[in-house]
Amino acid sequence: MTEPLLKIRNLGKSFGKVKVFEGANLDVNEGEVVTIIGPSGSGKTTLLRCINLLEQFEEGSILLDGKEVGYKVENGKRKRYSEHVIAEQRQMTGMVFQQFNLFPHMTALKNVMLGLIRVKKLPHDEAEKISRKWLERVGLADKVDNYPAQLSGGQQQRVAIARALAMNPRIVLFDEATSALDPELVGEVLNVIKQLANDGITMILVTHEMRFAYEVSDKVVFMDGGKIAAIGTPKEIFEDRALPRLKEFLYNFNI
C-alpha cells in the first residue's frame, strides 16, 4: 500500500496555557482534496499553520513525503530543526492565505516570480516563463502587468494561488481563501480551486463554503473543541451526519 503523502500523528498545539488542539491524526494521499470544516476557534487555521511550520507545535509529528518536518529526536529529546532547514522544508508546502499578501509595488507577474528568483534561485527568464504559465492557468494571462490595486479581490487571490503553485509544492494549503472576498467574487476563486482539484493537485482547504466542500472533497475533516471529531467522505459527513455535534453544526447550512 502506498504511504500517505502527509501523515499527522498525535499533533498538539497550545498558546500558553490554552490548548488549541490535541491528539490530531490525519492522512492525506497524493492527489487528494481534503477540506477542514468546523466552528470558529476549533483549531482549523492553526493546524494548517503547523503543517506549513508557521506555528511551532509541542506534541506529535508531521511527516511530509516520508520525512519528519519541523522537529527531530536526538538522544531521546525533541529538537526543532534550524531555521535554514525549516525554510527548505516549508518549500514542500504552498500556502494561500485569507488576505492576499501581495506586494503592492509589484505587478502580478513580479509577485509570482519573486519566490522563484529569491528562494529557488531560478534564472529570470525561467522564473518568468513559469509565472506566466500559472497566471494563465488561473485565468489572468491578460493581467500580468497589472498592480494589485488594479485587480479585484478575486483576481488578487488568483494571483496568490498562482504564486503558491509556481513554487511546485508537494501540497497546497488554503486558509479560508474566499473569506475576504465580496460574495459575487467567491465563485471565480472556487472555480479555479475546482479546476486544480480536477488536475490532481494535492490540497487541504479550511473553508466555510459547505456546498463547495461537499462537491470538491475526497475527504472531509470536522474539527470541534480542539479535536478532530470526525473524518469521512462528503456523503458520510454532510448526508449521514452520525455525530450529534456535527449534525448541530451543519443544521443551518443548505447541503
Side-chain angles (χ1 to χ4, degrees), residues 6 13 15 20-21 28 33-57 62 64 69-70 86-87 89-116 118-120 131 134-135 137-140 143 146-149 151-183 185-197 201-209 212-213 216 221 223:
L6 175 71
K13 168 65 184 173
F15 289 120
V20 181
F21 58 79
V28 179
V33 178
V34 176
T35 53
I36 304 177
I37 65 171
S40 297
S42 58
K44 305 183 299 296
T45 290
T46 306
L47 178 60
L48 277 197
R49 291 175 65 85
C50 287
I51 295 170
N52 197 37
L53 303 176
L54 292 174
E55 294 284 357
Q56 298 187 33
F57 49 93
I62 299 174
L64 182 54
V69 299
I86 292 286
Q89 292 181 336
R90 195 174 284 136
Q91 291 183 46
M92 292 193 290
T93 62
M95 188 84 168
V96 180
F97 300 89
Q98 295 179 33
Q99 303 297 330
F100 323 125
N101 295 347
L102 301 179
F103 289 103
H105 64 289
M106 291 184 175
T107 64
L109 181 62
K110 295 294 186 183
N111 265 283
V112 178
M113 289 175 61
L114 186 63
L116 295 171
R118 290 198 177 177
V119 178
K120 289 200 172 259
S131 300
W134 281 108
L135 284 167
R137 182 67 186 78
V138 299
L140 294 175
K143 302 293 184 183
N146 287 51
Y147 291 88
L151 301 172
S152 70
Q155 290 169 337
Q156 290 184 59
Q157 190 61 293
R158 284 188 278 154
V159 173
I161 292 171
R163 177 181 59 189
L165 290 164
M167 298 293 285
N168 194 31
R170 299 290 284 122
I171 189 169
V172 185
L173 312 174
F174 293 81
D175 182 19
E176 298 186 26
T178 60
S179 65
L181 300 177
D182 293 333
L185 300 177
V186 169
E188 67 182 67
V189 172
L190 294 183
N191 284 336
V192 167
I193 297 174
K194 284 182 182 179
Q195 291 166 14
L196 297 174
I201 292 175
T202 311
M203 296 185 281
I204 304 178
L205 306 102
V206 169
T207 184
H208 290 292
E209 301 288 340
F212 170 74
V216 78
V221 177
M223 293 189 70

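Start at 1 with the first residue, then count along the sequence. All values reported here derive from a predicted model rather than from experimental measurement.
The salt bridge (charged side-chain N to carboxylate O under 4.0 Å, His left out) check on Lys120 picks up nothing, with sequence neighbours excluded. Thr35 pairs by the side-chain hydrogen bond (donor to acceptor under 3.5 Å, both in side chains) definition with Ser217, not counting sequence neighbours. With sequence neighbours excluded, the residues satisfying side-chain contact (heavy atoms from CB on, under 4.5 Å) with Asn146 are Lys143, Gln150, Leu151. Scanning for ring-ring contact (aromatic ring centres under 6.0 Å, His included) contacts around Phe174 gives an empty result, with sequence neighbours left out. Scanning for side-chain hydrogen bond (donor to acceptor under 3.5 Å, both in side chains) contacts around Thr45 gives Asp175, with sequence neighbours left out. For Glu188, the side-chain hydrogen bond (donor to acceptor under 3.5 Å, both in side chains) partners are Arg158, not counting sequence neighbours.
The backbone N or O of Gln56 lies less than 3.5 Å from a partner atom in the side chain of Lys13, making a donor-acceptor pair. In this structure a side-chain-to-backbone donor-acceptor pair under 3.5 Å is missing from Gln157 to Gly154.
At a threshold of 4.5 Å between non-hydrogen side-chain atoms, the residues Ile37 and Val206 do not count as touching. Counting heavy atoms from C-beta outward, Leu205 and Val34 have side chains that stay 4.5 Å or more apart. In this structure, Phe21 and Met223 have side chains that are in contact, with non-hydrogen atoms separated by less than 4.5 Å. In this structure, Glu209 and Leu190 have side chains that are in contact, with non-hydrogen atoms separated by less than 4.5 Å. Contact annotation: the side chain of Gln89 approaches that of Leu53 to within less than 4.5 Å [non-hydrogen atoms, C-beta and beyond].
The two residues Val20 and Gly43 have their closest heavy-atom pair at CG1-CA, 3.9 Å. When all heavy atoms of Leu185 and Gly153 are compared, the pair lying nearest together is CD1-N, 3.9 Å. Summarising the geometry of Pro169 relative to Ala164, their closest heavy-atom pair is CD-O, 3.4 Å, with the distance given to 0.1 Å. Scanning all heavy atoms of the two residues, the minimum distance from Leu196 to Trp134 falls at CD2-CZ3, 4.3 Å. Counting all heavy atoms, side chain and backbone alike, Cys50 lies closest to Ile62 at O-CD1, 3.6 Å. Here the closest heavy-atom approach between residue Ala166 and residue Leu116 is recorded as O-CD2, 3.3 Å.
Once rounded to the nearest 0.5 Å, the distance linking CD1 of Ile36 with CG of Leu47 reads 5.0 Å. We find the CG-CG distance between Leu6 and Leu64 to be 6.0 Å, quoted to the nearest 0.5 Å. Within the model, atoms CD1 of Ile86 and CD of Gln91 stand 12.5 Å from one another, a figure rounded to the nearest 0.5 Å.
Applying the salt bridge (Lys or Arg N to Asp or Glu O under 4.0 Å) test to residues at least two apart or on different chains, none of the pairs has a partner in residues 97-110. Note on residues 43-53: pairs passing salt bridge (Lys or Arg N to Asp or Glu O under 4.0 Å), not counting sequence neighbours, are Arg49-Glu55.
Checked against Leu109 for a side chain to side chain contact (heavy atoms under 4.5 Å, CB included), the options Val159, Leu140, Leu135, Leu114 give a single hit: Leu135.
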Between Met113 and Met106, does the side chain to side chain contact (heavy atoms under 4.5 Å, CB included) criterion hold? Intermediate values first, please.
CA-CA 10 Å; Met113 289 175 61; Met106 291 184 175; over 6 Å; no
I'd like a table of donor-acceptor pairs (distance under 3.5 Å, sequence neighbours excluded) in which one partner is a side-chain atom from residues 92-103, with atom names and distances.
{"residue": "Thr93", "atom": "OG1", "partner": "Asn52", "partner atom": "OD1", "Å": "2.1"}
{"residue": "Thr93", "atom": "OG1", "partner": "Arg90", "partner atom": "O", "Å": "3.1"}
{"residue": "Gln98", "atom": "OE1", "partner": "Ser179", "partner atom": "OG", "Å": "3.4"}

